[in-house]
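This report concerns only the one structure given below.
It should be emphasised that the depicted structure is a prediction, and the values quoted were computed from it without experimental measurement. Sequential numbering from 1 along the given sequence is applied to the chain's residues. Just so you know, ligand 1 is whichever comes first in the structure, and atom 1 is the first atom listed for that ligand.
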Amino acid sequence: MVHEILVWPNPVLKQKAHPVAKVDDSIRTLIKDLFESMYAADGVGLAAPQVGVLKNIIVLDTTPRQPDSRPVAMVNPEILTLEGKCTYKEGCLSVPGEAEDVDRAAIVTARYLDEQGNEQTITADGLLAIAIQHECDHLKGVMFVDHISALKREVIRKRMKKIQASMEEDEAEEAPSGKSARKSQAELR
Ligand code: NI
């Protein structure tokens, strides 16, 4: 099921997510939904808090730009080591249409539980390394806009407020019964 992706500065995005105690069928369903929501919005990564679920789960798929990588779901991800430096123009499905340079580590080693609950370790570079850092930030309530200047952040905040206002208008028009209309990020652009 494709979920609506929250748009920053929705306060849920500032909250810390919680560890998953057990990887069961409900978690596997959530992971499937996260992948579907990410693909529907044409993204390379998505964290559970972005769909309003405060659990430590992220999904990533950088294969379109890194053919040697693979789609991966990480439960309770923990970054173990960060090496090197790189700067990349990052975007975020919760900040539609925006992209800014963010400084990150170039190589990341992380530990996580897979969909069967087995512990795995991954070492990544390139876009996957950046995406892991970006998505793990979401679990701490940190957005990529928290890494840029306050001035740029405020300009983006104003644009997001406009998008949110137009979304609310659309919902009022499309769903007078109060049922919220689902909109993909593609429709917002
Ligand atoms: Ni993001």
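A single hydrophobic cluster is seen to contain both Leu93 and Phe35, as judged by linkage of ILVMFWY side chains at heavy-atom distances under 4.5 Å, directly or through other members.
The number of protein N, O or S atoms lying under 2.8 Å from the Ni ion (ligand 1) is 3.
For Lys140, the salt bridge (charged side-chain N to carboxylate O under 4.0 Å, His left out) partners at least two apart in sequence or on another chain are Asp137. Annotation: salt bridge (charged side-chain N to carboxylate O under 4.0 Å, His left out) contacts of Arg157 (sequence neighbours excluded): Glu154.
Note that the CH2 atom of Trp8 and the CG atom of Leu13 stand 10.0 Å from one another [nearest 0.5 Å].
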Would you list the atom pairs, donor with acceptor, under 3.5 Å between side chains in residues 44-58 and any protein atom, with sequence neighbours excluded?
residue : atom : partner : partner atom : Å
Gln50   : OE1  : Ala47   : N            : 2.9
Gln50   : NE2  : Ser94   : OG           : 2.9

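Side-chain contact of Thr87 with Asp103: a donor-acceptor pair under 3.5 Å is present, judged by distance alone.
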